[in-house]
Amino acid sequence: MNIDKKITTAVVNAVKELYQQEIFENQLNLQETRPEFEGQITLVVFPVVRFSKKTPEDTAKDLGEYILKNVQEVTKYNVVKGFLNLSISETYWLNLFNVELLNSNFAAVKPNGKKVMVEYSSPNTNKPLHLGHVRNNLLGYAVAELLKADGFEVFKVNLVNDRGIHICKSMLAWQLYGNNETPQSTGLKGDHLVGKYYVIFDKEYKKEIETLVAQGQSEEEAKKNAPLIKQAQQMLLQWEEGNAEVISLWQKMNAWVYEGFGVTYKKLGVDFDKYYYESNTYLLGKDIVEEGLAKGVFFKKEDGSVWIDLTEDGLDQKLVLRADGTSVYITQDLGTAQMKFDDFGMEQSIYVVGNEQDYHFKVLFLILNKLGKSWADGLHHLSYGMVDLPSGKMKSREGTVVDADDLIDEMIASAKQKTEELGKITDFSEQEKNDLYYNIGLGALKYFLLKVEPKKRLLFDPNESIDFQGHTGPFIQYTHARIKSLLSKANYQSDVKSVDGIVLSETELAMIMLLAKYPSEISAAAKSHSPASLANYLYEIAKMFNKFYHEVPPIVKEEDEKIKQHRLNICKLTADLLKKGMLILGIVVPERM
RNA sequence: GCUUUUGUAGUUCAAUGGAUAGAAUGUCAGAUUCCGGUUCUGAUGAUGGGGGUUCGAAUCCCUUCAAAAGCACCA
C-alpha cells in the first residue's frame, strides 16, 4: 500500500472516530507540499471541516495527531491555515527508491484488458502532407503509444480519403497537361507530383473563371460553368460508374501518392495497423440510415431526403442521406464507425482530427448515441488547433504552406550544422552521424509540437525548437546523453541495488519523489489523451536532474562506495525513464551526442 | 448574425476549484564546471475588462472585448 493510500485511509478512520461521521476517500485532496513549507505531503483540510464542525486549523491538528499515531511513516506534521503538511520518514523514501523504483517492473506495462482505436493522419490523396498534418500524425502516434504504455491494446488506423472531386482535379490536370510525367521521369516524389497537378488545375480553372467573368458571367456562374470543373465532375461520375480508363488512371496516381506518403510516414516514425479507404467506405452507412428510420430517430422529407432533428440538443437539423439516395460525409462516417467497431470490438475509439470539424463529430457521436449504439459512449474526438508560423498563417493559396518533407529535411540539416560546429562526435561513423542528426532534428520537431496542449493553437518556431537549452527536445536528449556518459565513466554496475543507511539531500529526495510519479503521470496523460503533460513531466525530470547533478559533490570522485552507488542509481533511473518516456512521444534519445 | 474554442510575464508554454500563479526565453548580477555545446542561484515581469458562485477562482456561471474556426444535399 502506498503512502497516499495509507494517509487517506487514516483520515477516513479519523473522521469516523473523532467526529462520528463518514467521509469518502474521493472527497479528500492530497498534494505535494510546496517547497517553502516543511514536509512532503499535504492534506487540504477544508473538505473535512464540514464534518468536524471546527475551524480548519483545529481540524488539521486533530487529523495531524491521529495520522502521527496511526501511520508509521509519518514523523512530523505542521499546520498552515487549512493545510496539514506531513513529513514522511527518510526510511520510507529510501525504501521506495531501492525496492520499488529500481525494480525492473517499476515502469513496466500492466495490461488492463481494454481495447482502444486511434484513427489519425487520414490524408487526402491529392497533395503532399504539410505542417498541419505533421501535428496530426505526431499527436495520433503519441496518444496511441501513451495508451499502450497505460496498458491498453491499441489499434492505429488511417482512413485515407482517396476518392472524390479533389483527386479527379489532379487526375484531369495530369491528363491534360502532364505529358505522361511520372515520379521516375521527373525525379519527384509521387505525392509531390500529384500535388503539382492539383495546383495546375487550380491555376487553369481560375483562368477560365476570369475569362467567363470577362464575358459577362457572374463569378458564381463562372465557377459552375468553367469547362474544367465540368470535366472534373464528369470524371467523378465516370469513376463512380467504374469506367476502366478513369479507374486505371486513379489507381496509378494514387499508387504514386502512397509511395510518397510511405516515405514521409517512415521519416516521421509513425505507423498503422490498418488502412481504411474511403473508396471502400463511401457507400456505407445506408443501412444505418434505414435502421434510424425504423427506430424513428431519422425522418424522411417529401423529396425523399433523410434528416435528423437535433434542435432539442441545441444543434440543427442535419441531412444524413440525399434525396437521390446517395451518401453524404456523415452517412459514410456512420457506416465506417460501425465497421470499425465490427472489425475490432474496442471499448474506446479516438479520432484525431483538426478542430474545424468539432461540429461534425459532435453531430456524429450524438446520432450514434441516439441510435442506441452501445459503443457510442466510447467515441472521442481528439481535436487539435491549427499550426501557425512566426511568419504568419499558413495559406495554401498564398504558397505559405510548409511542406512536411521539406520541413523534416531542414530540421535534420539544422541538427547536422549545430552538431558539426561543436565537433564532439568526430569518431562516429557516417551512419552513426546521420542517425544522430536525424534523431536530434526529429526530436526537436516532435517535442516542440507535442509539448503544447492539443486543443490550443500552436506557434511553431523551428529555430527555437532545436535549441539545446530551454524547454526543448534536444535539451532532454542532451541531459540523457550526459548521464550515459557519466555512467560509463563511473563504470556503473546496475546489479548493486540496495543501498541503505543514507542521508538524502533535499534535491535527492525531490528527485526520488519526482521519479516515483512516473506511472501515475503516464496514466494521467493517457486518460486525458495528452502527450503534452507527459512532455512537460519529462522536462521537469531533466531540469531537476541538472540541479541535483550540480548540487551534489562530484559523483565519480565520491569515495564512499555506498553513496556513490546510490547516486549513480538515481542517475541510471533518470536516464531510463527519460528514454522510455521520450520514446512514447516518438523521440529517440541518443547515447551520445 | 448564430455556435464553438482560445485569451496568463515583452515572447513561447504550465498550473486535478486550494497556500505567495510555475517554467522557458529575454535582460541584469553572481556561483559552479565530474566529459559537455554547459549547468546552477538570484533579480525582473502576467491571469483581456466587469460582475457572480465558493471558506477558497486562471479554472465554474453571466456579461463584455479580442483572436481563430464552424454554420453546404463538400469532405
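Lettering of chains follows the sequences in order, A, B, ..., and the numbering in each one begins at 1.
Between A/Phe83 and A/Phe46, the two ring planes are perpendicular [angle over 60°; tilted spans 30° to 60°].
Residue side chain A/Asn85 reaches the base of B/rA19 through a donor-acceptor N/O pair under 3.5 Å, judged by distance alone. Residue-to-nucleotide contacts include no donor-acceptor pair under 3.5 Å from the side chain of A/Asp316 to the base of B/rC71. Evaluation of atom-type donor-acceptor distances gives no pair under 3.5 Å for the side chain of A/Thr42 against the base of B/rG18.
In this structure, the side chain of A/Ser121 does not engage the main chain of A/Pro123 through any donor-acceptor pair within 3.5 Å.
When the C1' atom is used for both B/rU53 and B/rA43, the distance is 39 Å, rounded to whole Å. Here the separation of B/rC55 from B/rC65, taken at their P atoms, is 32 Å to the nearest Å. Separation of the P atoms belonging to B/rA57 and B/rA21 is 13 Å when rounded to the nearest angstrom.
The nearest pair of heavy atoms linking A/Leu28 to A/Thr8 is CD1-O, 3.8 Å.
Between A/Arg34 and B/rA21 there is no side-chain polar atom (N or O) within less than 4.0 angstrom of OP1 or OP2. Using a 4.0 Å cut-off, some side-chain N or O of A/Lys81 falls inside it from OP1 or OP2 of B/rU20. Contact annotation: A/Lys455 side-chain N/O to B/rU6 OP1/OP2 distance is under 4.0 Å.
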Fill in the blank from the handout: Quick tally for nucleotides 24-33 of chain B: nucleotides whose base has a protein heavy atom under 4.0 Å get B, sugar-phosphate-only ones S, the rest -, giving SS------S-
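There is a side-chain donor-acceptor pair under 3.5 Å between A/Ser279 and A/Asp162. With hydrogens and angles left out, the side-chain atoms of A/Asp58 and A/Thr55 include a donor and acceptor closer than 3.5 Å.
The residue A/Val45 sits apart from the nucleic acid: no heavy atom pair falls under 4.0 Å.
The side-chain tip of A/Lys169 does not point at the ring of A/Tyr198 from less than 6.0 angstrom away and within 45° of straight on.
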Please enumerate all protein N or O atoms sitting under 3.5 Å from an N or O of nucleotides 2-4 of chain B, with distances to 0.1 Å.
none

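Residues in residues 559-571 of chain A take part in these salt bridge (charged side-chain N to carboxylate O under 4.0 Å, His left out) pairs, two or more places apart or across chains: A/Glu508-A/Arg567, A/Glu558-A/Arg567.
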